[in-house]
> 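First, the structure itself, so that you have it in front of you.
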Amino acid sequence: MACMAQQLSGVRWSPLASKPTQKQKLKRRHSVVVCSVALANAQNKERLKLKELFEQAYERCRTAPMEGVSFTLDQFSEALEKYDFDSEIGTKVKGTVFGTDAGGAYVDITAKSSAYLPLQEACIHKIKHVEEAGIIPGVREEFIIIAENEGDDSLYLSLKSIQYDLAWERCRQLQAEDAVVKGKIFNANKGGLVAEVEGLKGFVPFSQISATKSNGEELLEKEIPLKFVEVDEEQSRLILSHRKAVADSQGQLGIGSVVTGTVQSLKPYGAFIDIGGISGLLHVSQISHDRITDIATVLQPGDTLKVMILSHDRERGRVSLSTKKLEPTPGDMIRNPDLVFEKAEEMAQTFRQRIAQAEAMARADMLRFQPESGLTLSSDGILGPLGSDLPAEGLDLSEVPPAEDS
């Protein structure tokens, strides 16, 4: 258009001027044609240049799409995950606690609206403040959305729901392993006891309570060993057995074995010791080689000590215990009980060896007058094959296994 203006600049007329001549008309028409051709050529060049740029850009996108970009695809995906999420009820989201109050905690879940964790949804156990569950500013956790406030679009979160799922999964695993667990009794009804295991409420029928613990009232607020009978999350059924757990523990009580126990109560004739849910009697005569007139001067309820199994009546559920057999020297249980517990396994091993030797001698006495058995006794009473040459030091009885209660 500038070219056309320049060509026409020398031609002036006004409404009052005379009409242009034929020569002037031809000259003007020629100028218009020349400018139009020039303009068309310029536009074609621009189109070719733009086409070339688009082709180059297309080729870069096809061969090197991230060239010149300041972030990676992983960073882009992470940003999408951080700022774009599903806020439907039941969805799990990650968030960071940035404030707490008496009713719960405020959580940043990078949403357009705020999120709140109520106190009753902060832990599977009963707590008075979220800090008891480790919910403090700066903590990052995975929550589940349980409700939405339509008034301000805020969300309500829960940790307890996630913990419940984990607790059921843990109980199923323990049942598969046939494991013995500790459960605290906090209620009783006409059918049995209610215990807490892994944060869940379970039921222990009276038929599944050991005969030694038949009175449910005595077990309130106490921890007892339990085994899983039924774990059904869909029906919210968790059935437990104390009897099976006790039977499993009793199977491991061999004569001469050392166990750790807690003093339950004191009587004039001895102390009752809890050894893993089983109540054993430590008779006053088995506390020390020295005479004891008042048990309270040696033991108190709640004391933890090591005891040795003397006898075990499974049918009657009675276990006899001893610390007397664990004394390195007579009277140590009174003067230095820590030494007794330190040397307990060593003294018990000596006791078991004596039992093994006594049993070996008893068998030898039975075979003394039975030469057809092919066994004979040496001059020092060691039992061996007839005519065999025994070593001068006799047989090594250190590896004789402990006698098990049948």
Side-chain angles (χ1 to χ4, degrees), residues 180 182 212 223-225 245-246 248-314 317-363 380-382 391 393-406:
V180 176
K182 288 284 188 178
T212 60
E223 286 190 345
I224 63 173
V246 169
D248 184 77
S249 300
Q250 288 179 345
Q252 302 175 5
L253 297 181
I255 304 303
S257 59
V258 176
V259 295
T260 301
T262 304
V263 178
Q264 288 179 308
S265 61
L266 303 179
K267 303 294 181 182
Y269 51 86
F272 284 97
I273 313 297
D274 181 1
I275 49 175
I278 303 172
S279 183
L281 175 62
L282 176 61
H283 195 270
V284 63
S285 62
Q286 287 296 327
I287 296 178
S288 175
H289 284 83
D290 287 2
R291 180 179 175 80
I292 296 175
T293 56
D294 185 4
I295 299 177
T297 60
V298 183
L299 301 173
Q300 288 293 323
D303 287 351
T304 300
L305 66 161
K306 290 183 178 180
V307 293
M308 190 177 71
I309 308 296
L310 279 184
S311 65
H312 181 199
D313 186 343
R314 294 184 182 178
R318 293 183 178 179
V319 180
S320 296
L321 309 172
S322 175
T323 52
K324 174 181 177 179
K325 303 294 184 184
L326 303 178
E327 289 183 319
T329 56
D332 281 344
M333 191 60 196
I334 299 174
R335 295 185 296 271
N336 191 0
D338 290 340
L339 177 63
V340 177
F341 303 149
E342 179 183 347
K343 300 288 185 180
E345 283 74 13
E346 180 182 336
M347 296 302 298
Q349 176 67 16
T350 302
F351 177 78
R352 290 192 294 267
Q353 289 179 0
R354 290 173 182 172
I355 292 180
Q357 290 174 348
E359 290 179 345
M361 294 303 297
R363 288 193 298 270
D380 57 357
I382 301 298
E393 65 274 12
L395 295 177
D396 181 14
L397 298 178
S398 62
E399 297 300 323
V400 175
E404 296 293 334
D405 188 11
S406 59

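Just so you know, these numbers come straight off a predicted model, no measurement behind them.
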> So, taking the atom named CG in Leu326 and the one named CE in Met308, what distance separates them when rounded to the nearest 0.5 Å?
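These two atoms lie 5.5 Å from each other.
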> Decide yes or no for Val263 and Ile273: does some side-chain heavy atom of the first lie under 4.5 Å from some side-chain heavy atom of the second?
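Yes, side chains in contact.
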> On a heavy-atom basis, which atom in Gln264 and which in Ser279 lie closest, and how many Å separate them?
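Taking every non-hydrogen atom into account, OE1-OG, 3.2 Å.
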> Check whether any side-chain heavy atom of Leu339 lies under 4.5 Å from a side-chain heavy atom of Pro328, and answer yes or no.
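When only atoms from C-beta onward are counted, Pro328 and Leu339 do touch, with a gap below 4.5 Å.
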> Nearest heavy-atom pair of Ala348 and Val258: which atoms, and what distance?
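Reported closest heavy-atom pair: CB-CG2, 3.3 Å.
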> If every non-hydrogen atom of Phe341 is compared with every non-hydrogen atom of Thr304, which pair is closest and at what distance?
CE1-O, 4.2 Å
> Please check if the side chain of Glu327 supplies one atom and the backbone of Asp332 the other of a donor-acceptor pair under 3.5 Å.
yes
> Keeping Thr323 on the side-chain end and Val307 on the backbone end, is there a donor-acceptor pair under 3.5 Å?
no
> Testing the basics here: between Gly331 and Ser288, what is the closest heavy-atom pair and its distance to 0.1 Å?
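Gly331 and Ser288 have their closest heavy atoms at CA-OG, 3.5 Å.
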> I need the minimum non-hydrogen distance between Ala271 and Ile295, along with the two atoms involved.
N-CD1, 4.4 Å
> Looking at side-chain heavy atoms only, is the closest gap between Arg291 and Thr293 below 4.5 Å?
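Yes; the side chains approach each other to less than 4.5 Å.
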> Only one of Ile309, Ile287, Leu310 clears side-chain contact (heavy atoms from CB on, under 4.5 Å) with Ser322; which?
Leu310
> Do Asp290 and Arg335 meet the salt-bridge criterion of a basic N to acidic O distance under 4.0 Å?
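A salt bridge is present here (some side-chain N lies under 4.0 Å from a carboxylate O).
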> Show the nearest heavy-atom pair for residues Met333 and Leu299, with the distance to one decimal.
CE-CD2, 4.2 Å
> Working to the nearest 0.5 Å, report the span between OG of Ser265 and CD of Gln300.
12.0 Å
> Any chance you could measure Arg352, atom CZ, to Ile255, atom CD1, to the nearest 0.5 Å?
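Result: 11.5 Å between the selected atoms.
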> Among Met347, His289, Gln286, find the residue that satisfies the side-chain contact (heavy atoms from CB on, under 4.5 Å) test when tested with Lys325.
Gln286
> Scan side-chain atoms only and decide if Arg354 and Gln357 contain a donor-acceptor pair under the 3.5 Å cut-off.
no
> Roughly how far, to the nearest 0.5 Å, is the NZ atom of Lys343 from the CG atom of Asp338?
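With rounding to 0.5 Å, CG (Asp338) is 13.0 Å from NZ (Lys343).
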